[in-house]
Amino acid sequence: MQCKKCGAMNIDGAKVCESCGVTMEDVNMKQNQNDTGTKISNTGSTPGSQKKLPKNLIFGIAGAMAAFLIILIAVLAMNSSKVIDLNKYITFESSGYDGYGQASLTIDWQSLEKDYGKKIKYSSKGKKEYGVLTYAFEPVYVLHDAVSGVELEKTEKLSNGEKVKYTWTVDDEKAKGINYKLKYKNGEYSISNLYKLGKFDPFKDIKVEFSGIAPEGEAKFTYSGDDIISKNKFKIDKHDNLKNDDVVTISLDLDEDEISFLATRYGRVPEKMSESYTVSGLETYVTKYSEFPEDFIKEANGKATEAIKEYTDSAYGEGTTLSDLKYEGYLFKTNVDGYNVLYIIYSRVLTSVEHKYVTTKMYYPVAFRTLMLSDKISYKTGPELVGKSYGVGDNSDTKGYKFPSELYVSNYKNIVTEAGDGFEKFKEQSYVHKLEDMTDEYRKALQDEARVTLDAYIAKDYKPNMQVSDIEFAGEYLQYTSDDKRQFNGTNIYFVVFKANLSDANGKFPTTTIYYPIEYTYIMKLSDNDFTAANNTSVFLNYTTLPNTYDTTRGFIDGNEMYNKIISNRTKLYEYQVSDSLKQFGE
């Protein structure tokens, strides 16, 4: 404000002029009155008419401005210092062993509160938000509530040189409740000073032992180490069914947490987690036929033939004739009682001298059991003639098999079977369903034997005056069940039909043609070329009265009656086939 009297500058609102001491209001009022009456012009004024400002006024103005700047700087400095740098109060620690080290990161609240605890006040926002609670809680608690903490992204299994990031969790909105701003920054620490980790061999105190006979050897192990690792933590992948040169592996069953515990607790970890051991020193079973040397097979065959011949030469009596021995092959089994067995099989044909049974081919297996492989093959038992068949020969039992496929059958599981030298053809057998299923050779053999059966019947049952002539083969019938269902008379029945002229030497009846069906049951196909039939055969049981007499004979005078009796009456039970030469009576 300028004094109207002397022109000196005063501060706004001054009551008295600092230069001339006049009351500012009176002077200004008079000056205003003069201004209304007379207009003063400054045009053309001389330099002498303008007065200089007093020095004391200039110094006053400068001092005021300096004071203002000092206050402003102080205020700004005071506001800039109201910041808490949280990163300065982080405490980082790492410990342990390289690769399994631990790290922790904490806030040093004690130091932070020592530095700022008495300086922190509620802000106007904080007072408004917390209200009466400001009387119950110190403002430093707002700081605790706003800063949830700082966390490491990884705190364990750390290695020297590894970089570990940390992250702050701060609620900036809550932090506005105090008179300090919070400064913080995410960062990372480099892991260092971890101890060097030791290693040890956990398998040096493992002892593995193999026992038994290959390929059924066994493995077991013992552990004599200290208590750092329990024996239960070692696992073996195979402990049985072993043979020499097999490899078994023992593994250490530790998870990452357990390994980390060893590192933390003892400062060492296993240098390896598994160890392999080669099976050796086991006795060895023979496991395949090719392992038998030729001299052993030759020796075994010799012993087999001796055993068969000794038995069969005395088993059947004078009523049976025997063919020479015929080699049929071998069968070798593993995974059976005694682990393995070698069968050497020969056959002989049994023929009844008195035609009491069908000529039968018997198969005789000789067993050698528990065969061991070494410099020289050895076996525990044998030679032993095995097998049993019923109703072979003169209704008697016999060792051996009538059906060689029975030798393949076993109650044991997982059996490995090798057959060779021809015996492999007997693995499967089946019932005959068609005449063509039988070879011509076998059908001819049955027809020849049927003729013997017929001759035996005629010789035994006909009176001396009854004469038979012109016997010839007339044809064949075959009855069968396609599903191999057993019927009372048999799953299949094969009839060889002969015809002959029957006459009486005394002329009691005229010469009559008789048809004689010779019956076989249960004909089995053993292989493509081998067959067998039930043990007994006979002329079909049908009695026909001869003309003009009371005499009877088995067989039929009328071919149509024969067809009806044998075929037509059984069509519900059997399917059938008729050879061409008999179709004149029905088909």
Side-chain angles (χ1 to χ4, degrees), residues 96-101 156-159 196-292 331-342 369-375 377-380 410-419:
Y97 294 88
D98 190 11
Y100 293 90
E156 56 185 7
K157 299 178 183 177
L158 299 171
S159 303
K196 183 178 180 181
L197 185 66
K199 294 189 176 183
F200 67 97
D201 182 2
F203 299 95
K204 70 182 181 63
D205 297 313
I206 290 286
K207 182 179 180 181
V208 182
E209 295 180 337
F210 302 107
S211 61
I213 302 174
E216 291 192 331
E218 297 179 351
K220 64 179 181 179
F221 69 91
T222 54
Y223 175 65
S224 59
D226 53 31
D227 294 334
I228 292 179
I229 299 177
S230 169
K231 176 186 175 181
N232 296 331
K233 289 298 181 179
F234 293 94
K235 307 295 181 184
I236 189 168
D237 63 342
K238 293 186 292 185
H239 57 82
D240 58 8
N241 295 323
L242 299 174
K243 62 182 183 298
N244 289 326
D245 296 326
D246 281 351
V247 175
V248 299
T249 300
I250 298 178
S251 300
L252 189 54
D253 186 19
L254 295 178
D255 59 28
E256 282 298 319
D257 290 338
E258 290 171 313
I259 295 175
S260 180
F261 172 80
L262 292 177
T264 304
R265 180 73 177 272
Y266 302 104
R268 54 187 182 142
V269 294
E271 66 181 14
K272 52 187 173 182
M273 297 299 290
S274 65
E275 186 72 72
S276 295
Y277 304 85
T278 302
V279 180
S280 62
L282 297 178
E283 292 186 88
T284 305
Y285 288 118
V286 178
T287 58
K288 49 189 176 182
Y289 184 81
S290 60
E291 293 176 341
F292 292 114
L331 188 70
F332 182 61
K333 293 183 180 181
T334 56
N335 293 334
V336 294
D337 186 24
Y339 183 75
N340 60 17
V341 56
L342 172 64
R369 302 181 188 277
T370 316
L371 297 118
M372 306 297 297
L373 185 62
S374 59
D375 294 338
I377 299 293
S378 62
Y379 49 89
K380 186 174 181 180
S410 177
N411 294 326
Y412 296 96
K413 296 180 179 179
N414 303 319
I415 293 177
V416 178
T417 302
E418 284 185 74

Checklist entry - So how far is it from Thr264 OG1 to Asp257 CG, rounded to the nearest 0.5 Å? => result 10.0 Å
Item to check | Asp246 side, atom CG; Thr278 side, atom OG1 - distance, nearest 0.5 Å | outcome: 9.0 Å
Next on the checklist: Is it true that, when you exclude Lys157 itself, more than 12 heavy atoms of the residues, nucleotides or ligands shown sit nearer than 6.0 Å to its NZ?
Outcome noted: yes
Next on the checklist: To the nearest 0.5 Å, what is the distance between CG on Leu158 and CD on Glu156?
Outcome noted: 8.0 Å
Checklist entry - Within the side chain of Glu291, is there an N or O that forms a donor-acceptor pair under 3.5 Å with the backbone of Thr287? => result yes
Checklist entry - Counting only N and O atoms by type, is there a donor-acceptor contact under 3.5 Å from the side chain of Glu258 to the main-chain atoms of Asp255? => result yes
Next on the checklist: To the closest 0.5 Å, what do you measure between CD (Glu271) and CG (Asp201)?
Outcome noted: 4.5 Å
Item to check | Which atom of Lys199 lies closest to which atom of Arg268, heavy atoms considered | outcome: N-CB, 4.0 Å
Next on the checklist: Determine whether a donor-acceptor pair (N or O, by modelled atom type, separation under 3.5 Å) exists between the side chain of Ser274 and the backbone of Ile250.
Outcome noted: no
Item to check | Trace of the side-chain contact (heavy atoms from CB on, under 4.5 Å) decision for Phe200 with Ile229 | outcome: CA-CA 11 Å; Phe200 67 97; Ile229 299 177; 3.6 Å; yes
Checklist entry - Okay, side chain of Asn335, backbone of Asn414: is any donor-acceptor separation there less than 3.5 Å? => result yes
Checklist entry - Is there a donor in the side chain of Ser260 and an acceptor in the side chain of Glu256, or the other way round, less than 3.5 Å apart? => result no
Checklist entry - Could you give the distance from CD1 (Ile213) to CG (Leu242), rounded to the nearest 0.5 Å? => result 13.5 Å
Checklist entry - Which heavy-atom pair separates Ile206 from Val208 by the least distance, and what is that distance? => result CG2-CG2, 3.9 Å
Next on the checklist: Can you give me the closest heavy-atom contact between Ala214 and Asn244, atom names plus distance?
Outcome noted: CB-N, 4.0 Å
Next on the checklist: Looking at Lys272, I want to see if its NZ is surrounded by more than 12 non-hydrogen atoms of other residues, nucleotides or ligands under 6.0 Å.
Outcome noted: yes
Checklist outcome for this item: Note: Leu371 and Ile377 closest approach over all heavy atoms is CD2-CG2, 4.1 Å
Checklist entry - Between Asp98 and Lys196, is there a donor-acceptor pair closer than 3.5 Å when you use the side chain of the first and the backbone of the second? => result no
Item to check | Closest approach of Arg369 to Tyr379 (non-hydrogen atoms, all atoms of both residues) | outcome: O-CB, 3.4 Å
Checklist entry - Between Met372 and Glu283, is a side-chain contact (heavy atoms from CB on, under 4.5 Å) present by the stated rule, with each step listed? => result CA-CA 8 Å; Met372 306 297 297; Glu283 292 186 88; 3.8 Å; yes
Checklist entry - Can you find a heavy atom in the side chain of Ile415 that is under 4.5 Å from one in the side chain of Val336? => result yes
Checklist entry - Does Ser230 use its side chain to pair, donor to acceptor, with the backbone of Asn232 at less than 3.5 Å? => result yes
Checklist entry - Atom CG of Asp245 and atom OG of Ser280: how far apart are they, to the nearest 0.5 Å? => result 8.0 Å
Next on the checklist: Test side-chain contact (heavy atoms from CB on, under 4.5 Å) on Phe221 and Val248; report intermediate values, then the result.
Outcome noted: CA-CA 11 Å; Phe221 69 91; Val248 299; over 6 Å; no
Next on the checklist: side-chain contact (heavy atoms from CB on, under 4.5 Å) for Tyr285 and Leu373? Distances and angles first, verdict last.
Outcome noted: CA-CA 6 Å; Tyr285 288 118; Leu373 185 62; over 6 Å; no
Checklist entry - Does Tyr277 have its ring centroid less than 6.0 Å away from the ring centroid of Phe210? => result no
Item to check | Main-chain N/O of Asn241 paired with Glu216 side-chain donor or acceptor, under 3.5 Å | outcome: no
Item to check | Val286 backbone acceptor or donor facing Asn340 side chain under 3.5 Å | outcome: yes
Next on the checklist: Less than 6.0 angstrom separating the ring centers of Phe332 and Phe292, yes or no?
Outcome noted: yes
Next on the checklist: Please find the pair of heavy atoms, one from Pro215 and one from Tyr339, that lie closest to each other, and give the distance.
Outcome noted: CG-OH, 3.0 Å
Item to check | Flag, side chain of Lys207 to backbone of Lys204, donor-acceptor distance under 3.5 Å | outcome: no
Checklist entry - Heavy atoms, side chains only, cut-off 4.5 Å: are Glu218 and His239 in contact? => result no
Item to check | Flag for Ser276-Thr249: side-chain donor and acceptor within less than 3.5 Å | outcome: yes
Checklist entry - Relative to each other, are the rings of Phe234 and Tyr223 parallel, tilted or perpendicular (30° and 60° limits)? => result tilted
Next on the checklist: Could you check whether any side-chain heavy atom of Ser378 comes within less than 4.5 Å of a side-chain heavy atom of Thr370, counting everything from C-beta outward?
Outcome noted: no
